[in-house]
Amino acid sequence: MLISCFVAPDDEQAAQVIDWPSGPVEPAGDAEGQDAFPVVDTKIEPVVTLTKLAEILSGTPYDELAADKRISTLLAQKDEYEVLVLTVSDSVKAALAGASDEDLVRAAGPWSQIEEFHGLIDLDDLLEVMRELGLLARQAVDSGHSMYVWWCA
């Protein structure tokens, strides 16, 4: 399974990634002038796990974060849902963008223990992904863009 988070200007442009050969890292041949989007390969299920990270970082209850209408909204699918493009909610983006490195270090331990990781995640690898996601979220905020997930089963 390949899972990447990326930044795009809007939902329409993010949805076009569904037809790109390698997701957000390689535009389709007919996307003349289109550059690849900023991307982080996470290999982390984005729906529940990123929301739980946002809960840890922001202190906002999970149920409140999960009620956001943009949490993992399906923008595009292909091959009977083998490839998906999903939204990342603005509250998750804001929690990641607002986290300092110290915040991420403090959150890494509790996040690594969530049931979705089954105790099988390496803390150093997880922290590296968290830092990359934080940078990606800050880039999204600074540019006024949104974050998305490309998921290929």
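The basis for the numbers below is simple: all heavy atoms, side chains too, and nothing from hydrogens, waters or symmetry mates.
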* side chain to side chain contact (heavy atoms under 4.5 Å, CB included) evaluation trace for V149 with L84 -> CA-CA 8 Å; V149 173; L84 308 172; over 6 Å; no
* To do: Show your reasoning for whether ring-ring contact (aromatic ring centres under 6.0 Å, His included) applies to W20 and F37.
  => CA-CA 11 Å; W20 292 9; F37 291 123; 5.3 Å; yes
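- Residue V17 is grouped with residue L2 when hydrophobic side chains (ILVMFWY) are merged at heavy-atom distances under 4.5 angstrom, including chains of intermediate members.
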* Between L126 and I44, does a side chain to side chain contact (heavy atoms under 4.5 Å, CB included) hold up when you go through it step by step? -> CA-CA 9 Å; L126 187 64; I44 293 173; 3.8 Å; yes
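- Cluster membership for I71 and V48, using ILVMFWY side-chain heavy atoms within less than 4.5 angstrom, is not shared.
- Side-chain contact between L104 and L127: present, with at least one pair of heavy atoms (C-beta onward) separated by less than 4.5 Å.
- The distance from atom CD1 of I114 to atom OG1 of T51, rounded to the nearest 0.5 Å, is 9.5 Å.
- Linking Ile, Leu, Val, Met, Phe, Trp and Tyr whenever their side-chain heavy atoms come within less than 4.5 Å puts W151 and V129 in one cluster.
- Between the side chain of T42 and the backbone N or O of I3, at least one donor-acceptor pair lies under 3.5 Å.
- In this structure a side-chain-to-backbone donor-acceptor pair under 3.5 Å is present from D122 to D125.
- Side-chain contact check for I121 versus W111: every heavy-atom pair is 4.5 Å or farther apart.
- Hydrophobic clustering, with ILVMFWY side chains joined whenever heavy atoms are under 4.5 angstrom apart, keeps V88 apart from V25.
- In terms of modelled atom types and a separation under 3.5 Å, the side chain of R131 and the main chain of V105 share no donor-acceptor contact.
- For the side chain to side chain contact (heavy atoms under 4.5 Å, CB included) criterion with Y148, the lone passing option out of V39, D11, T73, V7 is D11.
- Within the 3.5 Å criterion, the main-chain N or O of H145 finds a donor-acceptor partner in the side chain of K93.
- Residues C5 and L50 form a side-chain contact, since some pair of their non-hydrogen atoms from C-beta on lies under 4.5 Å apart.
- Taking both residues in full, the closest heavy atoms of G23 and W150 are given as CA-CE2, 3.4 Å, listed atom of the first, atom of the second, then distance.
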* **Chi angles and distances behind the side chain to side chain contact (heavy atoms under 4.5 Å, CB included) call for L65, V92** => CA-CA 8 Å; L65 293 167; V92 170; 5.5 Å; no
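- Here the side chains of L135 and E132 are not in contact, with every heavy-atom distance at 4.5 Å or above.
- Side chain of T87 to main chain of R70: a donor-acceptor pair is present (N/O by atom type, distance under 3.5 Å, no hydrogens or angles).
- Residues A140 and M147 share a closest heavy-atom pair of CB-CG, 3.9 Å.
- When every heavy atom of D90 is checked against every heavy atom of S146, the shortest pair comes out as OD1-OG, 4.4 Å.
- For the residue pair S58 and A95, the shortest heavy atom distance occurs at CB-CB, 4.3 Å.
- The two residues A107 and I56 have their closest heavy-atom pair at CB-CG2, 3.6 Å.
- Counting heavy atoms from C-beta on, the side chains of L57 and L96 come closer than 4.5 Å.
- To the nearest 0.5 angstrom, L75 atom CG is 11.5 Å from Q16 atom CD.
- Closest non-hydrogen pair, A15 versus A76, comes out as O-CB, 3.8 Å.
- Rounding to the nearest 0.5 angstrom, the gap separating the CE atom in M1 from the SG atom in C152 is 9.5 Å.
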